[in-house]
Each structure stands twice: as C-alpha cells, then as structure tokens.
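Inspection log for the structure reproduced underneath, given as structure tokens.
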Amino acid sequence: MHPLVTRRHARPRRALAALLALAAAACLGLVSGAPAPERAPEARPQPVARADARTAHTVSYDRHSLIVDGERVLLQGAEFHYFRLPSPDTWRDVLEKYKAAGFNTVSLYFHWGYHSPKRGVYDFSGVRDVDRLLDVVEDVGLYAVVRPGPYINAETSGGGLPAWLKTVEGRARSSDAGYTAAYREWLTEINRIIVPHQVTRGGPVVLYNVENEYAQNTDAQYMQDLQDLAHAQGVDVPVTHNQCCQASWTPHWAEGLGAVDIPGLDDYPQSFECQNADTVWGPWGDGITRRLKADAPVYAAEYQGGAIDLNNAGYEACRKLTGPAYMKYFYKSNLIRSGATLFSYYMGFGGTNWGYLAQPNDVYTSYDYGAMITEDRQLTEKYDEFKLQSHFLRAAAGQLAKTDEAAAPASDNPALETAARVNPDTGARFTLLRHADPPATTDDSAVLDYGDGRTLPVRLDGRDAKVLLSDYAFGGQRLALSSSELMTHTSAGGRDVALLYGREGEAGRTVLEYGSRPGVEVLDGAADVSYAREGDALTLDYVHEDLTRVRITGGGRPPLLLLLGTDATAAEFWQDAESGLLVRGTALLRDGAVRGGTALLRADTERAGEVEVFTGAGRLAVNGDRVPVRRTASGSLLGSLPGPRAVEPPELTGWRAAAEAPEARPDFDDSRWRAADRTLHADDHGFHHGSLWYRGRFTATGAETGLKLNAITGRRGIYQVWADGRYLGSAQGGVQADSDPPVNEDPGPGAFTLPDTAPGEEVVVAVLVQNMGHNDDWIADDTRFKQPRGLVRAELPGSAADIAWRIQGTRGGEDLADTERGPFNNGGLYGERHGWHLPQAPASGDWRRSRPDVEGGTVTWYRTSFRLGLPHGQDTALALRFGEPPAGHRLLMYVNGWNVGQYGAGIGPQRDFTLPAGLLRDDGRNTVALAVVAEDDSAVRLPSLVVKGNHRTG
Ligand code: IPT
C-alpha cells in the first residue's frame with residue numbers, strides 16, 4: 001500500500017473537497033487502490049489531483065490514457081515557469097487562471113542554475129520555494145508534470161544548467177563522471193522536494209519528465225541513470241520524455257536502454273516567424289502528434305502555445321501567429337487525428353527573463369511568448385479560445401480519454417474533409433471538420449452523411465476547424481448530432497444545462513433524442529423546432545447570434561436548458577471544475593460552489609456588469625459579499641457586480657543621478673581584484689552573470705600600433721574600452737557560433753586606437769563587458785554551453801609587451817551577497833557592487849539633479865522613488881514604459897532592488913517592462929534605479945509607470 005503522508009498546512013478549501021472526493025471514491029469502490037471498473041462516462045469527469053492530502057492514489061496507463069485510481073484521465077495542461085515570475089503570491093493567480101481556462105494540469109520545468117549559485121550550494125527559499133509552488137498547485141487543484149531536467153532548454157541561460165558547470169570536466173548531458181557527480185547533487189535536492197508531492201503520496205505530481213529533447217549526441221546510459229536515480233529516490237509516477245519536433249527525431253526513448261514509460265513529442269507547427277504572422281500556416285509540419293509506443297498513450301509534451309520572438313517583431317505578433325484560428329485548426333486536428341490524451345501547451349504564461357535569466361540568442365527580457373496570458377497576467381483572445389476548447393475537453397473527458405479511430409461522416413464537398421474517433425464503450429463520436437487544403441481561407445459548406453440516413457449541413461469560413469459531436473450522452477440527455485460545438489454541460493437544480501457555440505452568423509443545427517415529443521420553449525433568440533417520430537429526433541435550427549436559450553421539458557428526459565452562443569458569448573461563461581457550477585459574466589471565476597442554498601463565487605471584474613449563475617440555489621455571494629439577485633426565465637440567478645476603482649499611476653519625478661565607472665580611471669585601486677593570469681574567462685573566476693570589469697596593465701614599448709580585443713558576450717552584448725581613463729570606444733561582443741569559426745574564437749570585432757605611448761610608460765586598459773547570459777546546450781556537445789564569457793583575447797599589435805589583467809564581477813562571485821534575489825540579479829557594475837540598485841539610499845556617489853544627456857563611455861545611475869496606494873481588493877498590473885529604444889545607450893532597470901530588465905536598441909524591441917506584483921509595495925514607497933551604460937553621447941529616456949490591467953478581485 002502507498003504510504004500516507006501527513007502534510008504541514010491545513011487547507012480549508014481542500015478539506016471539504018476531500019470529504020466529497022472520499023465519499024465519491026467510496027461509492028465507486030476506489031478507495032482501496034485496487035483496480036476498479038471505469039467510471040460511467042456520463043458521470044462528471046476528471047478527478048483533479050486535489051483534495052485529500054492524506055490519500056495515496058494509484059497511477060497507471062494504457063494505450064489510451066493515464067489512469068488514476070482506476071479512472072481515465074485526460075491531461076490538458078500548459079507550461080509555467082516559476083522562475084520567470086519572482087513572486088510566489090502571483091503563482092497562485094496564474095495557476096488559478098490556468099484552472100479557470102479549463103486546464104487540469106500544469107507542466108513545470110525546474111531550473112538547476114536558478115537554485116545553485118555555486119557547486120554544492122542550493123537555495124529553495126523565497127522566490128525559489130518550489131515546495132511551496134507544488135503546494136499551490138495542489139491547492140488550486142491541478143495535476144503537475146514535473147520536469148527537473150537536468151537540462152531544460154527553455155531559452156534560459158545555459159538551458160537551465162548552472163554556469164559553474166561550465167568549468168566542470170565531463171560533457172554535460174552525458175554519463176561522463178564529472179557531469180554525473182554534478183547533476184546527482186541537483187537531482188538529489190529537487191527529488192527530495194518532488195517525491196512527497198506525487199499523486200501516489202496524495203500530491204499533484206502525476207508525471208516525471210527526464211531530460212529535454214534529447215536527440216543529438218545522445219548517451220543512453222545517461223538517460224537510464226537519470227531514471228534509476230529518480231526511482232531510487234522515490235519517484236514512482238510514470239516517467240516521460242519530450243522529444244523534439246515530430247517523430248522524425250530520434251531516439252524516441254520508447255525502447256531499449258534509457259527508455260521511459262511514456263515518450264512524448266514537442267511540436268511547434270507554426271514556427272517562430274512572428275514577423276510573418278499574417279501569412280505563415282504550418283511551415284513546421286502537420287502538427288499531429290505521433291504514437292511512439294504501442295502500450296502507452298500519445299503524449300503531446302510541448303505543443304505550441306505561442307512563440308519566441310526570434311526576429312524582434314514583438315510578442316503581439318507572436319500572439320497573432322499562434323492566435324485563435326491556429327488554435328482551432330491545429331489543436332482540434334491533433335485531438336482527433338492523433339488520439340492524444342496528454343497535452344501540454346508551451347507556454348500558458350511566459351513571464352519575464354528578469355535579471356540575467358535569458359539565453360541571449362533567442363530572447364530578450366520579456367518571455368511573454370505571445371501566450372494566452374500576457375506577461376502582465378492579463379487574459380487575451382487566446383485565453384478565450386483555450387477556454388472554449390479546454391472546457392469541452394474537461395466536459396467530454398470521460399468519453400474522450402478512450403477513443404479509437406473510426407469512420408467519419410462523409411463530406412459531399414471535397415474542399416472540406418472529416419476524420420473521426422469513437423469511444424468504443426459508448427459509441428460517442430467526435431468528428432473533425434476542416435479544410436482539405438490546410439491553408440485554405442475559403443468559405444465552404446457541405447452536407448455530412450452519417451451513413452445511417454442522417455445528414456448534417458456544415459460550414460467552415462476561412463481558417464477554422466470544428467469538433468462535432470454525435471451520439472453523445474450527457475446528464476440525462478442524448479445529443480444525436482450538432483453542427484455547433486460543445487463548450488460544456490452541467491446539471492443544476494434538477495435539470496441539465498448544455499452550452500454550445502458556433503461562429504457568429506453561421507447557421508447551426510442540433511438534434512436531440514427524445515422518447516416522445518418534448519415541450520420546447522425558445523426563451524431568448526430564435527430557433528426553428530421540429531420533431532420527427534422516426535428517430536425520436538428533436539431538431540433545432542438557428543443562427544449563431546448572441547445567446548439563444550431554449551428550454552426543453554418532458555419527452556421522457558430531465559429538463560434541459562440549451563444555450564446556443566457565438567464564440568464570444570460562449571467565452572463569457574465559466575465553469576468551476578469541482579462543483580460544475582456554470583457562471584456567465586465576470587472577468588474571471590476563480591472558484592464557485594453552492595453551500596446552504598447560496599452560490600459562492602470568488603471572481604474578478606474588470607468593469608461593472610452582470611453576473612448570471614445557473615444554479616438551483618436562491619442566494620448569491622461574490623468574494624464574500626451578498627449580491628442582490630433575481631431569478632430569470634432561464635431559471636438562473638442574475639445580479640450585478642461593481643468594477644474596480646480606477647488607478648492613476650504616480651508620475652515618476654525627482655530623479656537624481658550619479659556617475660560611476662571609476663574602474664575606467666588609471667588611479668583606481670584594483671589591488672583586491674582577482675588576477676586573471678591563468679585565464680581571462682569570467683566563469684573560471686566565479687563571475688557568471690552581468691557586467692564584467694577587466695583592468696590590464698602593460699609597460700609600453702612605444703611601438704604599439706593599437707589594441708585588439710575579443711570579448712564574447714552572447715547576442716545583444718557589447719563591450720567598452722578605456723586606456724588611461726580615455727574612452728576608446730565600444731564593440732559588439734562575440735555571439736554563439738556553431739561551427740565556423742570555432743566558438744571559442746568567435747571574435748568580438750574590436751580594434752582600438754591607443755593614445756600615443758612612450759617607451760617605459762605604464763598604461764592601464766579598462767574593459768567593461770556585458771555578459772548577456774549563457775548559451776543553451778541544445779545539441780548536447782558542450783560547444784555552445786561551454787562557450788566562455790568575457791575577454792577571450794587581447795593583443796598589442798607591434799609590441800611584445802604583456803598585459804597583466806585583473807577581473808571583477810558580481811559582488812561575492814559565487815558566494816552571493818544577495819541570496820534573496822539570487823544569482824541572476826546582479827552583475828559587477830560599480831553601482832551594483834555598492835548597492836545603488838537597492839531601495840535604501842546609496843551610501844556613496846555624488847547624487848545630483850538628473851541630466852537629460854549622457855556622454856559616450858560613461859555609466860550613470862538614475863534613481864527616484866514613488867508611492868503607491870493601490871486600492872485594496874484589486875489586482876493592478878504596473879509596468880515601466882520607455883519610448884523608442886535608444887541607439888546610443890542601454891540601461892538596466894531595478895525596482896526595489898530587483899533587476900526587471902534591460903532596454904536598448906541593441907537588446908530588443910521591448911518598451912514596456914512588467915513589474916511583477918510581488919516586488920512592489922502596494923501601499924508604500926518603491927524605488928526605481930536605472931544604470932545607463934552609454935556607448936555614445938545620447939539623450940536618456942526616463943520611463944513612466946503605466947497600468948496594464950486593473951481588476952477587482954477575490
Ligand atoms: C523546445 C524546448 O523543449 C523548450 O524548452 C523551448 O526551448 C521551446 O521549444 C521553444 O520555446 S525546443 C524547439 C526547437 C522546439
């Protein structure tokens with residue numbers, strides 16, 4: 001039997017759910033953990049991994065799906081990166097938004113380098129508290145797929161590998177001894193946290209993923225070792241892997257040494273060409289996840305939910321590239337054509353590459369990803385589309401989790417094609433309708449022939465796809481056919497409610513089976529109703545407009561309220577996953593339940609408006625406040641809710657500025673800096689992130705014709721050079737080079753003119769290098785990942801003089817001075833080393849009223865503070881807004897000491913920088929500090945505060 005684990009915190013919300021779950025489980029005979037019969041598919045599906053912290057569950061799988069406590073489960077998940085949201089309080093907000101979209105799963109990368117500043121040192125506190133993260137996941141009621149790597153890619157520095165690993169012998173992502181010893185440290189630490197959170201111990205963790213797209217330079221022993229270690233350390237949920245880019249990439253890790261239980265595939269059919277969002281359509285394949293293993297379910301481990309902005313088009317373009325039309329066509333095609341029952345969309349919310357989290361070749365500060373939830377935690381039209389599709393998956397999961405390919409109704413128009421799956425136990429059929437020519441944008445109609453005398457007129461206008469149901473039972477009803485799509489259904493107050501939808505203005509037909517002619521009342525909108533005794537078919541014909549409401553009673557079935565909406569009106573609905581409560585209105589339903597005749601909602605509003613609850617209960621309370629209601633003709637409760645109070649962000653004024661960079665001056669005392677005699681590479685000296693200073697001394701021969709330097713910064717990086725305090729200029733740093741020229745020689749093209757030197761004269765050269773982050777290790781051969789950072793070569797053409805170098809970086813190096821903000825927050829600028837970025841007033845520096853211009857070859861800090869008095873009970877998202885990115889300088893921005901971004905034309909197109917809510921004092925003083933690093937004379941653009949979202953919230 002599985003051990004019972006006593007958890008530390010009492011969770012009031014879960015306590016009740018636990019009782020209900022236990023009671024339900026007892027009824028179904030599932031408590032023993034013994035194999036149990038499958039639940040009747042008509043029953044409300046989807047146990048969420050929630051509730052009873054003390055109940056151990058069983059997890060298994062077959063070719064169709066995962067099976068938890070004998071029940072089939074369909075995983076509909078999205079990826080979330082806690083490390084890109086340095087604010088544990090808002091983890092809950094984002095995860096509740098996942099849940100409210102209809103998801104039941106979150107996929108989580110764990111970032112080794114984020115927790116480990118130094119070999120042997122691990123930090124899981126504060127913003128790094130992933131034990132708390134898994135508690136929140138459980139509390140919200142989601143399953144978790146955990147992905148601790150050790151390699152995660154994810155466009156983060158080093159692909160998640162810690163920078164100190166660059167100096168460790170042995171190829172990363174192999175079974176080499178040096179690397180093995182290193183990653184065992186990490187997995188031992190993270191497994192210790194994960195193991196007690198497994199479903200088998202009453203927690204939310206249902207799958208454990210090893211490695212990431214491990215396709216090139218593979219080492220099967222390493223894959224096996226990762227799993228052996230996990231198993232030895234208590235991992236007993238199925239192990240998965242996500243292979244890259246459809247089935248053509250191998251190995252699949254489906255068999256042989258290193259094979260996992262459930263091999264999966266990543267698929268990004270829409271590419272990352274955000275700049276061509278209007279024209280691109282599936283250049284990277286058909287997006288159908290292939291089956292990799294006969295006796296395991298089909299797993300879409302990462303399915304494209306947005307895109308990285310490789311070409312600086314901005315994330316709104318990426319959101320467009322992966323918008324609702326793409327989602328309809330590709331997600332629905334994949335659902336029906338692949339038969340997958342495990343999905344994770346990458347990303348659901350992207351977040352922020354705060355500090356030096358970015359892998360610089362592919363991303364800049366924002367990791368918004370064009371996802372369904374913006375970096376500012378706001379919901380988009382993609383969220384609405386996910387809501388429609390995910391509510392459907394949740395409602396139909398009992399039937400969708402076990403289907404086989406089946407004959408599809410024939411289309412009489414070759415422009416439209418069909419494919420279908422059937423649940424073999426119930427006969428419920430799911431038919432995909434799409435254009436035969438994938439990129440077609442035409443408006444086509446057809447009649448589907450079901451082969452049994454039944455036909456159905458259908459239409460597809462432009463890039464679209466539909467999943468149409470037939471012979472589908474829910475509640476006490478039987479849906480024979482519909483050309484509308486199902487969003488969800490529920491049972492409330494002794495009747496069934498079903499919500500169907502279609503594109504605005506398109507005709508719809510829904511056929512329901514009744515034993516005798518039922519009573520039909522069109523309460524709202526219009527529908528033609530007919531009844532045919534033959535086939536016992538009640539046919540409703542209507543046009544999708546606004547929200548049509550039809551009440552059907554009698555006919556030998558429980559009463560049914562049929563809601564027929566458009567995409568937009570259906571997306572106004574929410575359904576609580578646990579209680580099934582259906583709600584229309586509000587900007588977000590976080591929870592809904594009925595207790596003692598009162599419907600209790602926890603909900604957000606963006607403006608004042610209606611709320612309608614489909615319940616037999618007579619009273620309504622929202623966020624703890626009673627709301628006056630009336631009963632509608634549809635039998636629902638209707639009330640109205642206030643919106644948030646408007647928020648005017650304070651102006652940022654009173655800037656003070658101070659110049660720094662004394663390191664550039666010849667007389668600066670660098671005697672306590674580390675001598676860089678053995679190697680210039682910053683990582684060898686323990687300086688892994690952000691700005692690096694080098695000071696070199698040589699005795700001139702007088703024959704020097706110049707100074708040639710090479711520095712490697714990663715893409716978007718520069719370096720600047722001074723001699724005896726005189727600014728010589730700047731150059732672009734070296735970037736990742738895959739083959740030719742070899743990476744370690746990839747030159748920063750730096751030839752500088754030295755001031756005239758006299759023989760015997762001592763010359764001091766100072767170099768400021770921006771280390772933009774570490775490359776990934778996608779091809780698992782060390783060449784990208786172990787590419788050095790910092791100066792890699794220095795020459796004095798015409799002279800044999802040696803330069804003696806010293807190096808300086810982040811205060812403390814690997815022994816972090818700031819453990820709260822962690823290894824990625826700071827580099828080695830003078831101001832950073834002396835706390836000029838921190839909230840408290842700097843103890844050093846000559847702070848004056850700020851000047852609008854800076855000179856090339858300077859580093860200048862600007863500071864101001866602002867007071868917030870944000871209304872209580874509201875969630876207000878704030879950002880720092882800059883103008884057009886400047887060419888002459890770049891700047892680092894700190895809010896309350898947290899490095900929230902880098903701005904400049906050489907860095908990326910970003911102008912608005914998200915301020916994660918938890919870093920701000922809602923009710924008090926906040927500090928902004930900017931470090932302006934100027935390559936050329938330029939005007940400084942100081943930012944303003946803007947509101948990116950404002951909600952009244954529960
Ligand atoms: C794939 C990675 O697994 C993931 O970490 C992330 O990098 C994502 O894609 C892109 O954002 S890699 C890709 C080549 C499919």
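Just so you know, ligand 1 is whichever comes first in the structure, and atom 1 is the first atom listed for that ligand.
- Cation-pi geometry between R463 and Y326 is not met: the NZ or CZ atom fails to fall both under 6.0 Å from the ring centre and inside 45° of the normal.
- Of the protein's non-hydrogen atoms, W778 CZ2, 3.5 Å is the one closest to atom 14 (C) of ligand 1.
- Counting heavy atoms from C-beta on, the side chains of E385 and L388 come closer than 4.5 Å.
- The shortest N or O to N or O distance between C245 and ligand 1 is not under 3.5 Å.
- When all heavy atoms of Y122 and S116 are compared, the pair lying nearest together is CE2-CB, 3.5 Å.
- When only non-hydrogen protein atoms are considered, atom 7 (O) of ligand 1 lies nearest to E155 OE2, 2.4 Å.
- Geometrically, ligand 1 and I152 share a nitrogen or oxygen pair separated by less than 3.5 Å.
- The shortest contact between atom 11 (O) of ligand 1 and any protein heavy atom is with Y369 OH, 2.5 Å.
- Under 4.0 Å from ligand 1, not a single heavy atom of W249 appears.
- The closest protein non-hydrogen atom to atom 8 (C) of ligand 1 is Y268 OH, 3.2 Å.
- Side-chain contact, K948 with T914: no donor N or O sits under 3.5 Å from an acceptor N or O.
- Taking both residues in full, the closest heavy atoms of W91 and F80 are given as CD1-CZ, 3.6 Å, listed atom of the first, atom of the second, then distance.
- Closest to atom 12 (S) of ligand 1 among all protein heavy atoms lies E213 OE1, 2.7 Å.
- The distance from ligand 1 to the heavy atoms of F272 drops below 4.0 Å at these ligand atoms: 10 (C).
- For R184, the CZ atom counts as loosely surrounded, since its 6.0 Å shell holds 12 or fewer non-hydrogen atoms of other residues, nucleotides or ligands.
- Ranking the protein heavy atoms by distance from atom 2 (C) of ligand 1 puts E302 OE1, 3.3 Å first.
- You'll find the side chain of D309 reaches within 4.5 Å of the side chain of Y364, heavy atoms only.
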